[in-house]
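Notes to accompany the following structure.
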Amino acid sequence: MSKKLKIGLFGFGCVGQGLYHVLNNSTGFKADIVKIAVKNKNKERTVGAELITYDKWEILNNPEIDVIVELIDDANEAFNIVSEALKKGKHVVTANKKLLAEHLEELYLLQQENNVSLLYEASACGSIPIIRSLEEYFDNEELEKVSGIFNGTTNYILTKTIAEKLSYNDALKQAQDKGFAETDPTNDVEGYDAKFKAIIIALHAFGLIIKPEDVLNIGITTLHDNDIKYASEKGYKIKLTPIIQRLEDNKVSVFVAPRFIKENNHLYNVDNEFNGVIVEGKFSGEQFLQGRGAGSYPTGAAVLSDISALSHGYKYEFKKYAQKKAPTFTNDVLIEAYLRYTSEEDLKRIVFDEITEQYTGKDYHYVVGKVNLKNLIANRDYILKHQLFISLVDEKVSRPDVTVKSSIKENVTTKELVNY
Ligand code: HSE
């Protein structure tokens, strides 16, 4: 029989309030929020003062509280709270993807050593139940790939700026007002948030623990009208898409970059703050999950689902990681990409192994072809500094073929036009 849990909540922002609402309006499940720890003493709160504390120890040292729900912004302080709670034998639910991605191994060990449960469905793709699907349904199946749209803010911005012609700043402001964006939206627009989620998903899908600094994230900050025009003329939409893919030799590559999406792709119609996840299994084939990737109630609902799972004694098994049969991680892969560049110097640095299309205009130049991910990683700062834009044109990732030379193929389309 399930037990009524006593919760100590950290953070009462967008998601904390969402959880409070969802919990109080849920008919099927009950749990008590005993105390809520917040930082800002000057903020007006929508709950009674008796529920609020500014002292984290009031929650952590309370023996009545058996579950800590961590929904604060500061990933470092979140790590202190979560690790302390696990050591004290309390179960933890968190939505903090940065905390998780940066400390996956330590947190895995802490919950094992202390025989408690750490659940985090809300950390990846809002209300889409991707972690539990990977843990429970795909626990034994060898997966080929997990990809999709993992960030609501960038998808909202791309939808509003491209389809509805809103300015970038207005679209971002709306995403912030609606509670989709991180406090520092750099994490969203530069692809960090999507990368943290990809790292969490890679653990459950492939049994891999990867360090965030080893994974490329290129965001949407350098997107230009010419890129949008290129994509629209070809009938593509632009989405920020993480790709976690198993390669022929049992290596897995993980990265986040913008991608041109064709109409026949599931992700084509995933707009606004919605997220979409495509899971490809060796035997099951392709599954597509879509849902609200951000926002107070959808994320609160995902947290509630974890709390409810805890009341039944649920714990992640991390089967693929624990069995130590995980593939190894690599960045030595070729991707097919479009690069808008400005000078020949750019192409000397970002060397394409194959070029299939090239255009040189007065103020607009691009190449399309195959480039090694390692090369992009080495030039990430250069790409951002020089306002270049890179986008995948195909989602296929392949291991480099040693016979491919750095040359322009014969069927290359090279145009010399003054105006685009
Ligand atoms: N800022 C995140 C997003 C919130 O936009 O997807 C949900 O993780």
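Numbering of ligands and ligand atoms starts at 1, following listing order. Keep in mind it's a predicted model, so treat the numbers as computed, not measured.
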query: Would you call Leu388 and Tyr366 a side-chain contact if the rule is heavy atoms closer than 4.5 Å?
result: no
query: Which of these passes side-chain hydrogen bond (donor to acceptor under 3.5 Å, both in side chains) with Lys239: Thr154, Asp271, Asn265?
result: Asp271
- request: For Thr221, enumerate each residue passing the side-chain hydrogen bond (donor to acceptor under 3.5 Å, both in side chains) test, keeping only those at least two apart in sequence or located in another chain.
  value: none
task: Quick one, list the residues around ligand 1 where some non-hydrogen atom comes in under 4.0 Å, by chain and residue number.
output: Lys97, Asn151, Gly152, Thr153, Phe180, Ala181, Glu182, Asp188, Asp193, Lys197, Gly293, Ala294
- prompt: Within a radius of less than 6.0 Å around NZ of Lys315, do more than 12 heavy atoms belonging to other residues, nucleotides or ligands occur?
  reply: yes
query: Out of Leu240, Leu216, Thr241, which residue meets the side chain to side chain contact (heavy atoms under 4.5 Å, CB included) rule with Val256?
result: Leu240
- prompt: Is Asp394 close to Phe260 at the side-chain level, that is, under 4.5 Å between some pair of heavy atoms?
  reply: no
